[in-house]
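Okay, structure first, notes after.
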Amino acid sequence: MKIVVLYGGNSPEREVSLLSGKAVGKALRRKGHNILLLDTAKNTFVKNILKASPDCVFVALHGERGEDGIVQGLLETLNIPYTGSGVRASAICMNKIVTKKILTYHKIPTPAFVEVQKDKCPRLPFSFPAVVKPANMGSTIGIKVVHNKKEMLTAIKECFKLDSEVFIEEYIKGTEVTVGILGNQKPELLPVIEIETATGFYDYKAKYTPGGSRHIIPARIDKKIVKKIECIALNTYKILGCSGFARMEIIVRKGTPYVLDVNTIPGMTDTSLLPDAARAKGISFDELCEKIVKLGIERCQKQKKE
Ligand SMILES: Nc1ncnc2c1ncn2[C@@H]1O[C@H](COP(=O)(O)OP(=O)(O)O)[C@@H](O)[C@H]1O
Ligand SMILES: [Mg+2]
């Protein structure tokens, strides 16, 4: 097949996306496909996609203008099949406030939160420590744990420099896990991974420096709780309308799994979390990348029939 891999872009997660794109490109080449890598930071990428006329586009972009439905909308308009979630699920999952509101409506546990109005001091319905977050960022950019009002106000100010939407979340002290899911109509679960970090905070440094975190498969968690995590992850995937693949981030406190974050384009280097989980299930990185492409084409064909 002829496959265009979109990577790079201008989001703060550009560097991670360059790594994901290169790894995916190599994997698909090893599978015998004809691969063209295009960096969306260069605006010639649209012209080059049209010129290539690929069977599918593998979207290996993270963050804004890549993971948020914008590129997905472009590909819909061009009528070219692409990997991962469609426009709506991508847009929903990129915004943590919108995601949390939908999860709350469906009674899926997520940490308690309040939206912050600019230049207003929020009233917290929970006690410190709390976590100040921008609604639309990834890779822990702008996220800060605060222990008192002064720290909170400083963190809010900093956060508004990055994003126009900011919220504060209850700090959940517990075990952090992540669950990868693959599929369209009948999504399948990958093994739950427990994430162990030196600091207890899975931040940019822990994510991207060697030895910054440890992936523990299978998670050292009671089987009954693992079932609960899996059920919540799968429901989250379906409710938000994800397709192809996604990775949920969850913190478990006293047996309750709280959904923190849904990544519709999780890191895709061969040591990233979702590929690690797939490997534990016997799916190699190369097979995983090819499977994601096939799921993208399948979703597009189904959409055309409808
Ligand atoms: N409410 C919370 N309680 C405890 N730790 C949190 C909380 N929110 C975030 N964290 C920590 O910060 C990391 C990044 O937060 P997350 O909401 O997943 O943002 P990102 O989109 O940057 O991945 C999490 O993986 C976790 O380690
Ligand atoms: Mg996260």
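These numbers come from the heavy atoms of this one structure, side chains and all, not from hydrogens, waters or symmetry mates. Order of listing sets the numbers, starting from 1, for every ligand and every atom in it. Since the structure is predicted, the reported quantities are computational estimates derived from the model, not experimental observations. When a residue number appears, it is its place in the shown sequence, counting from 1.
Using modelled atom types, no side-chain atom of Lys22 and backbone atom of Thr269 make a donor-acceptor pair closer than 3.5 Å.
Residue-level proximity to ligand 1 for Ile195 is absent, since no heavy atom of it falls below 4.0 angstrom. With a heavy-atom cut-off of 4.0 Å, Asn263 does not touch ligand 1 at all. When heavy-atom distances to ligand 1 are checked against a 4.0 Å cut-off, Lys173 has no atom that comes that close, whether in backbone or side chain.
When the options Asp261, Ile250, Leu260 are ranked by their closest heavy atom to atom 7 (C) of ligand 1, first place goes to Leu260. Among Lys96, Lys133, Lys144, the residue whose heavy atom lies nearest to atom 19 (O) of ligand 1 is Lys96. If you check each of Ile143, Thr110, Ile168 against atom 15 (O) of ligand 1, the one with the closest non-hydrogen atom is Ile143.
At least one side-chain heavy atom of Ile292 sits less than 4.5 Å from a side-chain heavy atom of Leu182. Residues Ile80 and Pro54 have side chains in contact (heavy-atom distance under 4.5 Å, counting atoms from C-beta outward). Side-chain contact check for Leu6 versus Ile49: some heavy-atom pair is nearer than 4.5 Å.
Atoms of ligand 1 lying under 4.0 Å from at least one heavy atom of Tyr171, given by number and element, are 3 (N), 4 (C), 5 (N). For ligand 1, the atoms sitting less than 4.0 Å from at least one non-hydrogen atom of Glu169 are 1 (N), 2 (C), 7 (C), 8 (N), numbered in the order shown with element in parentheses.
Asp261 contributes OD2 as its N, O or S atom closest to the Mg ion (ligand 2). Counting just the N/O/S atoms of Glu249, the one with the shortest distance to the Mg ion (ligand 2) is named OE1.
The closest side-chain donor-acceptor pair between Glu165 and Asn136 falls under 3.5 angstrom.
Distance check: Asn79 CG to Gln303 CD gives 9.5 Å after rounding to the nearest 0.5 Å.
Counting non-hydrogen atoms of neighbouring residues, nucleotides and ligands closer than 6.0 angstrom, the NZ atom of Lys31 exceeds 12 such neighbours.
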